[in-house]
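Heads up, the thing below is written out as structure tokens.
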Amino acid sequence: ILRLIKLIYKLGIFINLMNSPLFDVVEMTPIQPIGKTILQAFTGSGLVASLVANHVIDCLGLIEKGYISSSLIPSVGIVRDGIIQRPIRIYESDKYILVLSEVAIIEENLVEFIDYLFDWYSKIDPSSLIIIGALPTGRPNDATDLRYNIVASDDVTREFLSEKGIWTLPQGAIYGSVALSLMESKRSGIACFSILSHCIATIPDYLAAKKVSELLNIVLDENMDLSKLNTNALELKDHLINRSKQSKDDLEYNDYNQYDSYEYDESIDDDEDDDLSAFI
């Protein structure tokens, strides 16, 4: 009897999993999305997408309206100021919808997740889609401006960007959620382009975030204040320069002093080069 009860329990769990949606947009307050521009920011290299998204939320007054629930999303909660938050949240203003993901979707689930996401995009009929991201190409520590790449989904969008004085990447390859989203936009007929600033992958790159925000100001005809990002970028630049200088000084000091600390061993045969190889 006990085994039968366990079997029924497991069967119930299985049925619930089969009936539960793989992807669901949960609205805490009603979203009025029709005809708005979607900003899609999936966290990645240099945390650029997250930095830009939070800057847009603050400057343009977007309000959190809901979140995305999916079995394809890793079991992660984001903690800010001691409060737990959903990893993929939806924000809205009178002109924009922002989809902010602060967790990476694993590669095996990414295609399916983007498919579900674009099913929702098609239902809400956006005017356009802008994908925010970064390319982990690195940069000089003393850089004050950055290169960037723009990729459009169609000829009309590319022409719109050129009229704004922004040129698209002539040739190359992109990967991950950005590439999948651009290709799905092209298939769905949604005007779309991505803004990818070059960044340092291993740090929160405020300079890269500032470059993306500058470009957003141009394409959206907005006037977001960039002073905070600029201050953080300058502090980061000084930190990187000082760290690089300190690393160089430490390396030179260690290179010099390793010989001072070496104690000559008379048992070493000077003719035996192999015996000295570890020291050299």
Side-chain angles (χ1 to χ4, degrees), residues 17-45 47-54 56-57 60 62-78 85-93 95-135 150-154 157 174-196 212 216 219-220:
L17 288 174
M18 291 293 292
N19 292 332
S20 63
L22 284 175
F23 184 99
D24 191 25
V25 174
V26 180
E27 298 183 20
M28 298 182 296
T29 55
I31 299 174
Q32 306 295 329
I34 303 299
K36 295 183 178 180
T37 295
I38 297 176
L39 305 174
Q40 178 180 301
F42 285 12
T43 191
S45 298
L47 296 179
V48 174
S50 295
L51 293 173
V52 172
N54 283 287
V56 168
I57 290 168
L60 301 183
L62 276 72
I63 298 172
E64 185 177 352
K65 290 295 189 73
Y67 59 88
I68 292 175
S69 174
S70 173
S71 59
L72 305 175
I73 300 173
S75 301
V76 178
I78 306 301
Q85 292 181 320
R86 294 276 180 171
I88 304 182
R89 303 184 299 280
I90 301 171
Y91 295 80
E92 185 186 24
S93 69
K95 295 166 62 177
Y96 306 111
I97 288 177
L98 170 65
V99 179
L100 170 58
S101 175
E102 297 193 273
V103 63
I105 307 297
I106 62 173
E107 187 174 354
E108 290 80 2
N109 294 335
L110 189 55
V111 172
E112 192 172 10
F113 181 82
I114 294 297
D115 284 346
Y116 281 113
L117 184 63
F118 269 81
D119 283 344
W120 180 60
Y121 286 171
S122 297
K123 291 175 183 176
I124 65 176
D125 191 22
S127 62
S128 58
L129 169 64
I130 300 175
I131 303 168
I132 301 167
L135 293 172
I150 304 284
V151 181
S153 63
D154 55 69
T157 305
I174 55 175
Y175 305 90
S177 63
V178 174
L180 290 173
S181 296
L182 282 165
M183 290 186 287
E184 277 299 302
S185 294
K186 188 172 185 175
R187 183 188 65 82
S188 304
I190 300 173
C192 174
F193 62 92
S194 64
I195 303 177
L196 304 169
V212 173
L216 282 177
V219 297
L220 297 176

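In this text, all values refer to a predicted model and were calculated from it rather than measured experimentally.
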Value rounded to 0.5 Å, distance of [atom1] in [X] from [atom2] in [Y]:
| X | Y | atom1 | atom2 | result |
| --- | --- | --- | --- | --- |
| Thr43 | Ile105 | OG1 | CD1 | 11.0 Å |
| Lys36 | Ile31 | NZ | CD1 | 9.0 Å |
| Leu60 | Leu220 | CG | CG | 7.5 Å |
| Lys65 | Glu92 | NZ | CD | 4.0 Å |
| Ile131 | Ile150 | CD1 | CD1 | 11.0 Å |
| Ser185 | Ile114 | OG | CD1 | 9.5 Å |

Just wondering, do [Y] and [X] contact through their side chains at under 4.5 Å, heavy atoms?
| X | Y | value |
| --- | --- | --- |
| Tyr91 | Leu39 | no |
| Ser45 | Leu135 | no |
| Leu196 | Ile132 | no |
| Leu216 | Ile130 | yes |
| Met183 | Ser181 | no |

Looking only at heavy atoms, what is the nearest atom pair of [X] and [Y], with distance?
| X | Y | value |
| --- | --- | --- |
| Pro87 | Ile73 | CG-CG2, 3.9 Å |
| Leu182 | Ser194 | CD1-OG, 3.7 Å |
| Glu64 | Thr29 | O-OG1, 4.4 Å |
| Ser69 | Val26 | CB-CG2, 4.2 Å |
| Asp154 | Thr157 | OD1-N, 2.7 Å |
| Ile174 | Ala179 | O-CB, 3.5 Å |

### Task
For Ser93 and Leu62, indicate whether the former's side chain and the latter's backbone hold a donor-acceptor pair under 3.5 Å.
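Judged by distance alone, no pair lies under 3.5 Å.
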
### Test item: Ser70 side-chain N/O and Leu72 main-chain N/O as donor-acceptor pair under 3.5 Å
yes

### side-chain hydrogen bond (donor to acceptor under 3.5 Å, both in side chains): pairs with one or both residues in residues 119-133, sequence neighbours excluded
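Qualifying pairs, neighbours excluded: Thr37-Ser127, Thr37-Ser128, Gln40-Tyr121.
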
### Message
The test is side chain to side chain contact (heavy atoms under 4.5 Å, CB included); show your working for Ile68 and Leu117 and say whether it passes.
### Response
CA-CA 9 Å; Ile68 292 175; Leu117 184 63; 3.8 Å; yes

### Query
Excluding sequence neighbours, so at least two apart, what forms salt bridge (Lys or Arg N to Asp or Glu O under 4.0 Å) with Lys186?
none

### salt bridge (Lys or Arg N to Asp or Glu O under 4.0 Å) partners for Arg86, two or more places apart
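Salt bridge (Lys or Arg N to Asp or Glu O under 4.0 Å) list for Arg86, sorted by chain: empty.
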
### Task
Run the numbers on Ile88 and Tyr67 for side chain to side chain contact (heavy atoms under 4.5 Å, CB included), then give the verdict.
CA-CA 6 Å; Ile88 304 182; Tyr67 59 88; over 6 Å; no

### Task
For Tyr96, check side chain to side chain donor-acceptor pair (under 3.5 Å) against everything at least two apart and list the hits.
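Once residues adjacent in sequence are excluded, the partners of Tyr96 under the side chain to side chain donor-acceptor pair (under 3.5 Å) criterion are Glu222.
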
### Task
Please name all residues satisfying ring-ring contact (aromatic ring centres under 6.0 Å, His included) with Phe113, sequence neighbours left out, ordered by chain then number.
Phe23

### Query
By side chain to side chain contact (heavy atoms under 4.5 Å, CB included), which residues pair with Val111, not counting sequence neighbours?
Asp115, Leu180

### Task
Given side chain to side chain contact (heavy atoms under 4.5 Å, CB included), test Ile195 with Val212 step by step and report yes or no.
CA-CA 7 Å; Ile195 303 177; Val212 173; 4.0 Å; yes

### Other residues, nucleotides, ligands: >12 heavy atoms within 6.0 Å of Ile34 CD1
yes

### Query
Going through the checks in order, is the side chain to side chain contact (heavy atoms under 4.5 Å, CB included) test met by Leu129 and Phe118?
CA-CA 11 Å; Leu129 169 64; Phe118 269 81; 3.6 Å; yes

